[in-house]
2 protein chains.
Amino acid sequence: MTTQTRRERERAQREQLIVTAARELAEAEGWEAVTTRRLAAEIEYSQPVLYSHFKGKGAIMTAVAVQGFEELAVELRVARAAARGTRDALAAVAAAYTDFAQKRPALYDAMFTHAVDLTFATPDGPAYLREGFGELLQAVQPLAGDDDPGILTETFWASLHGLAMLERSGRLPVEAHDHRLDLLIGRFAPAET
Amino acid sequence: MTTQTRRERERAQREQLIVTAARELAEAEGWEAVTTRRLAAEIEYSQPVLYSHFKGKGAIMTAVAVQGFEELAVELRVARAAARGTRDALAAVAAAYTDFAQKRPALYDAMFTHAVDLTFATPDGPAYLREGFGELLQAVQPLAGDDDPGILTETFWASLHGLAMLERSGRLPVEAHDHRLDLLIGRFAPAET
DNA sequence: CAGATCTCCTAGCAGCGCTAGGATCTAGGC
DNA sequence: GCCTAGATCCTAGCGCTGCTAGGAGATCTG
């Protein structure tokens, strides 16, 4: 029995090793550099070992994305907790979100442009998916007025996502990022609240 | 001389044929189905012919994207021209933009997620790139108040882009799209202007 | 110690973007 | 009208991709 638990433990460790290697490789050289051969070399095993842990390359990216969702939720929570007023909270959460996207572009890509097999926007979805959205929701809710807080949060989220994507791809110059964020916050939290 | 002009004309036609085939194939089956072999078969030539017209597959996608920018600019212009008030104009332009993204997802992808070798946000950029942004700018400008109209337009554009992307990938349910757009318009054009 | 099981690697498949080299067809000079 | 020069286009192939079949080897069980 002990030998089996040891094997399971070792298997779990190796699985984590794969995810970590994939993430680091992606963040260092982009997802296009993450090939199954390269990844196998990195963990010092042969290619087929990857497929004994994951269904395919996409599943590995999904596993990385899940890590990202957990970390993003934490960062949003920290940012919101440190804020004082209502407008401050929204600004803090927004800044934390776009910072995350800018500083971990590969991770953000795995979460929001690849890995579509994750279910979003469902009340019974995985916790790590709901937590991050919940932080946004709590920041937006006080500013909703008569509007549906959920839909408004989705809209705000989309704005942040759009900013992150367009700035990341060079379609919008990053220099004006703070300025754009400021204007966005101004539209969602107009008064000095 | 006539034979040479005939050749040039035929060459230009074939180049257009390639772009059209790539676009139709992408819109029918997605960009992952657009391979150089498949494309060559579609235009009934061999693979290397593609490379006598374009530097590579990326250049073909860029050519498709350029077509997209021209068409998007037209649709935004039409939408804005048909609108009456200030708020109406913003709503019309926003709806036209997201409609474009939803109805031509492959084209939109070529424009805004692939084909990064196009220069954005430069005053001396190609006309087709500036026109679409110009339409947005003219719709946003009257609502800028003390804020920088250019930056505000960029922010609004990012919001539309984010909505389009998240709804397209299934991360936000499409059903509430109109609702989200309504809330977004409400934040950028608050009063009944 | 023998046999069953489980782990892992070598080798290979089909497809990808892209390119070198030669065949074929056309155009112009005598 | 032929014959050479040049443009046009295709066949074949390179190195890469994600993924998988099959067997070798180590490990655990009786």
Side-chain angles (χ1 to χ4, degrees), chain A residues 1-19 21-23 25-26 28-65 106 109-110 113-117, chain B residues 1-19 21-23 25-26 28-65 106 109-110 113-117:
Chain A
M1 194 60 89
T2 36
T3 94
Q4 186 173 351
T5 59
R6 191 207 65 217
R7 281 194 184 171
E8 286 173 0
R9 190 182 60 238
E10 286 174 352
R11 238 190 106 74
Q13 282 177 358
R14 195 173 61 180
E15 187 158 319
Q16 194 51 50
L17 186 66
I18 293 171
V19 176
R23 174 177 171 169
L25 195 50
E29 307 181 31
W31 278 109
E32 67 277 1
V34 183
T35 70
T36 56
R37 278 167 239 270
R38 184 85 185 273
L39 200 48
E42 209 77 35
I43 64 170
E44 294 178 323
Y45 281 96
S46 71
Q47 255 181 313
V49 167
L50 301 175
Y51 294 88
S52 75
H53 287 272
F54 299 95
K55 192 182 162 191
K57 187 185 172 182
I60 298 177
M61 295 183 66
T62 302
V64 173
D109 270 1
T113 59
H114 310 299
V116 191
D117 49 334
Chain B
M1 194 59 88
T2 35
T3 95
Q4 185 172 352
T5 60
R6 191 207 66 216
R7 281 194 183 172
E8 286 173 0
R9 190 180 61 238
E10 285 173 353
R11 238 191 106 74
Q13 282 176 359
R14 196 173 60 180
E15 189 158 317
Q16 194 51 51
L17 185 65
I18 294 171
V19 176
R23 172 175 173 170
L25 195 50
E29 306 181 32
W31 279 109
E32 67 277 1
V34 183
T35 70
T36 56
R37 278 165 239 269
R38 184 85 186 274
L39 200 49
E42 210 77 34
I43 64 170
E44 295 178 322
Y45 280 96
S46 72
Q47 257 181 311
V49 168
L50 300 175
Y51 294 88
S52 75
H53 287 272
F54 299 96
K55 191 182 164 191
K57 185 185 172 181
I60 298 177
M61 294 182 67
T62 302
V64 173
D109 270 3
T113 60
H114 310 299
V116 190
D117 49 332

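Because the structure is predicted, anything quoted here is derived from the model rather than measured. Chain A is the first sequence line, chain B the second, and so forth, proteins listed ahead of strands; every chain is numbered from 1.
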Length of the [atom1]-[atom2] vector between [X] and [N], whole Å:
| X | N | atom1 | atom2 | answer |
| --- | --- | --- | --- | --- |
| B:Tyr45 | D:dT11 | OH | C1' | 17 Å |
| A:Arg37 | C:dG15 | CZ | C1' | 12 Å |
| A:Gln47 | D:dT20 | CD | P | 11 Å |
| B:Phe54 | C:dG17 | CZ | C1' | 16 Å |
| B:Leu50 | D:dC9 | CG | P | 12 Å |
| A:Tyr51 | D:dC19 | OH | P | 4 Å |
| A:Met61 | D:dT17 | CE | P | 15 Å |
| A:Glu32 | D:dG15 | CD | C1' | 18 Å |

Are A:Thr62 and A:Phe54 packed together at the side-chain level, in the sense that at least one heavy-atom pair is separated by less than 4.5 angstrom? no
Is any side-chain heavy atom of A:Arg14 closer than 4.5 Å to one of A:Val49? yes
Can A:Leu50 and A:Ile43 be said to form a side chain to side chain contact (heavy atoms under 4.5 Å, CB included), step by step? CA-CA 10 Å; A:Leu50 301 175; A:Ile43 64 170; 3.9 Å; yes
Is the phosphate of D:dC9 approached by B:Arg14 (side-chain N or O, under 4.0 Å from OP1 or OP2)? yes
Phosphate contact (D:dC19 OP1 or OP2) by A:Thr36 side-chain N/O below 4.0 Å: no
Reckon A:Ser46 touches a base, only the sugar-phosphate, or nothing at all at heavy-atom distances under 4.0 Å?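 Result for A:Ser46 = base.
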Sugar-phosphate, base or nothing in reach of A:Arg38, heavy atoms under 4.0 Å: nothing
Heavy atoms only: give me the nearest B:His53-B:Arg11 pair and the separation to one decimal. CE1-O, 3.3 Å
